[in-house]
2 protein chains.
Amino acid sequence: MFTSSEENYLKAIFHLSTVSVKGISTNAIAKKLNTKASSVTDMIKKLAEKEVLVYKKYQGVSLTSEGRKIAANIIRKHRLWEVFLVEKLNFNWDEVHDVAEQLEHIKSAKLIDEIDALLGFPKYDPHGDPIPDKDGNLDQIEKSLLSTLLVNESGICVGVNDSSSSFLQFLDKQKIALGQEITVLEKEDFDDSMIIEINERQLSVSNKIANNLYIQKK
Amino acid sequence: MFTSSEENYLKAIFHLSTVSVKGISTNAIAKKLNTKASSVTDMIKKLAEKEVLVYKKYQGVSLTSEGRKIAANIIRKHRLWEVFLVEKLNFNWDEVHDVAEQLEHIKSAKLIDEIDALLGFPKYDPHGDPIPDKDGNLDQIEKSLLSTLLVNESGICVGVNDSSSSFLQFLDKQKIALGQEITVLEKEDFDDSMIIEINERQLSVSNKIANNLYIQKK
DNA sequence: AATAATTTTTAGTCTTGTCTAAAAATATTA
DNA sequence: TAATATTTTTAGACAAGACTAAAAATTATT
């Protein structure tokens with residue numbers, strides 16, 4: 001059994017592993033978890049002891065397959081709870097993160113299986129992130145940042161990179177939602193902003209926005 | 001904000017307060033929480049500091065109205081989660097306690113309000129215990145232990161005293177459920193067992209059983 | 001390659017919540 | 001009421017998880 005703290009480390013390392021393929025550095029973990037490098041070193045040793053990750057001094061860490069499975073399971077719980085909160089309890093997609101962060105640590109296999117069934121075995125969470133299956137596999141769909149699309153290319157909005165509530169609320173305000181079609185009409189070299197068409201409207205979006213919206217090209 | 005541990009102490013003291021009216025003893029709390037008296041003394045001091053209970057050395061403790069409110073709120077969450085697990089997630093009434101014990105500590109006002117609404121604002125949990133309202137008030141219905149009924153008296157089964165899964169499973173096996181009518185047909189002086197009628201069946205129940213079933217007399 | 005800068009680890013401290021053992025207070029009994 | 005038993009508190013220790021400050025290792029720079 002793992003503590004909430006241990007689970008949070010595993011989750012953070014799992015997320016970092018999907019970005020960089022190399023050993024995950026102490027500092028990167030510390031930054032992700034808003035903690036200090038020395039705390040990370042302590043915890044890493046403990047987790048290496050439990051054989052959920054491999055650690056060699058000064059070389060960073062990588063998860064074992066056991067560690068990956070545990071991490072994926074926590075992410076599975078987090079994302080299923082997010083779907084539950086939005087679908088069944090009238091939460092907005094910008095309100096779910098903190099609560100899911102707590103709920104993901106509840107220990108009960110039956111609980112999460114039943115939530116999964118109640119929701120009809122969803123494949124994606126409210127932010128478009130895939131929900132790992134019970135074995136820890138998660139299917140990666142082909143998606144590109146809006147900022148990488150060329151003029152006249154179009155696709156479906158399938159996810160967000162940044163899930164901060166300020167960004168999500170901005171999208172709500174602009175009536176940009178997952179599932180909608182987006183076409184790039186113009187790109188501005190000067191500030192890398194672009195003009196897009198969405199819902200029969202034209203909209204100018206900054207580079208920062210375009211760098212945080214995932215599109216499935218068609 | 002209170003830690004899970006602090007919340008558990010408050011809840012335990014609240015429960016003990018409903019039984020005895022006097023100051024709650026250190027030992028009683030220790031027994032209830034499966035901990036040691038010395039640990040209780042430490043925690044009690046901390047909670048007195050936070051003004052959720054009144055403590056005088058060697059005199060036991062009693063909750064302040066603030067403390068009562070917090071405790072009732074945790075019990076509210078616990079019982080609402082139990083209803084949710086049974087009503088929405090196919091849990092049996094003997095499976096809910098441990099999970100609710102975890103879920104009751106989740107911090108989110110919206111979460112529990114929405115669960116409450118989803119369930120249609122239930123007044124009782126699956127074991128017949130009343131659910132406190134948001135202000136911490138809980139209505140006490142008139143109920144008597146089955147063992148106190150006289151021959152020929154009858155009433156509705158409205159709750160259990162012991163909610164251990166072994167007792168609850170026993171009731172399931174005997175097809176005794178909340179809401180059913182029970183009539184006392186005979187009482188046996190020798191071992192204080194009784195013969196009851198329930199669901200058009202006659203059943204002999206031991207004194208231990210009769211001491212753990214609540215009846216609302218009619 | 002030597003020095004400087006950065007990262008990582010170690011050593012020691014702190015807090016929370018627990019424990020054991022002993023001391024102090026209260027309660028019980030002869 | 002004096003002796004005994006029980007309860008409660010204190011004192012000191014421990015584990016988990018975090019921190020700071022300093023040492024050690026690695027990486028970058030001149």
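Keep in mind that the numbers below use all heavy atoms, side chains included, and drop hydrogens, waters and symmetry copies. So that the names make sense, note that chain A is the first sequence line, chain B the second, and so on, each numbered from 1.
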A/Leu33 has an atom CG; how far is it from atom P of D/dC19, in whole Å?
10 Å
Residues, nucleotides or ligands: over 12 heavy atoms within 6.0 Å of B/Lys110 NZ:
yes
Listed once per pair and sorted, the salt bridge (Lys or Arg N to Asp or Glu O under 4.0 Å) pairs that draw on residues 77-87 of chain A, sequence neighbours left out:
A/Arg79-A/Asp125
B/Lys36 NZ to D/dT9 P: how many Å, rounded?
17 Å
Nearest whole angstrom, please: distance from the P of C/dT8 to the NZ of A/Lys31.
11 Å
What residues, two or more places apart in sequence or in another chain, satisfy side chain to side chain donor-acceptor pair (under 3.5 Å) together with B/Gln169?
B/Asp94
Residues forming a ring pair (Phe, Tyr, Trp, His ring centres under 6.0 Å) with A/His78, sequence neighbours excluded:
A/His97
Report the distance from atom NZ of A/Lys22 to atom C1' of C/dT7, rounded to the nearest whole Å.
14 Å
Does B/Asn27 make a side-chain N or O approach to OP1 or OP2 of D/dT6 shorter than 4.0 Å?
no
Nearest-Å distance, CE (A/Met43) to P (D/dA15)?
16 Å
List every contact pair, protein side and nucleotides 10-12 of chain C side both N or O, where the distance is under 3.5 Å.
{"residue": "C/dT10", "atom": "OP1", "partner": "A/Lys57", "partner atom": "NZ", "Å": "2.5"}
{"residue": "C/dT10", "atom": "OP2", "partner": "A/Lys45", "partner atom": "NZ", "Å": "2.4"}

Is there a side-chain contact between B/Ser39 and the phosphate of C/dC19, meaning an N or O under 4.0 Å from OP1 or OP2?
yes
Figure out the NZ/C1' separation between B/Lys56 and D/dT9, and round it to whole Å.
16 Å
Taking the side chain of B/Thr35 as its heavy atoms from C-beta onward, which of C/dC19, D/dT8, D/dA18 lies nearest to it?
C/dC19
For A/Asn211 and A/Ser147, which I'm curious about, is there any donor-acceptor pair between the side chains at under 3.5 Å?
yes
Residue set satisfying salt bridge (Lys or Arg N to Asp or Glu O under 4.0 Å) with B/Asp116, at least two apart, ordered chain then number -> B/Arg76
Residue set satisfying ring pair (Phe, Tyr, Trp, His ring centres under 6.0 Å) with A/Phe84, at least two apart, ordered chain then number -> A/Trp81, B/Phe84
State which residues pass side chain to side chain donor-acceptor pair (under 3.5 Å) with A/Asp162; sequence neighbours excluded, sorted by chain then number.
A/Ser164
Expected output is a numbered-order residue list: members of residues 5-18 of chain B with a heavy atom under 4.0 Å from any atom of DNA chain D. What is it?
none
By nearest-nucleotide position on DNA chain D, the 5'-leaning member of B/Thr26 and A/Asn34 is B/Thr26
Please list, chain by chain and in numerical order, all residues satisfying side chain to side chain donor-acceptor pair (under 3.5 Å) with A/Asp135, sequence neighbours excluded.
none
Euclidean distance, atom OH of residue B/Tyr58 to atom C1' of D/dT9 [Å, nearest integer]:
4 Å
Atom-pair distance (CD1 on A/Ile44; P on D/dA18), nearest Å
12 Å
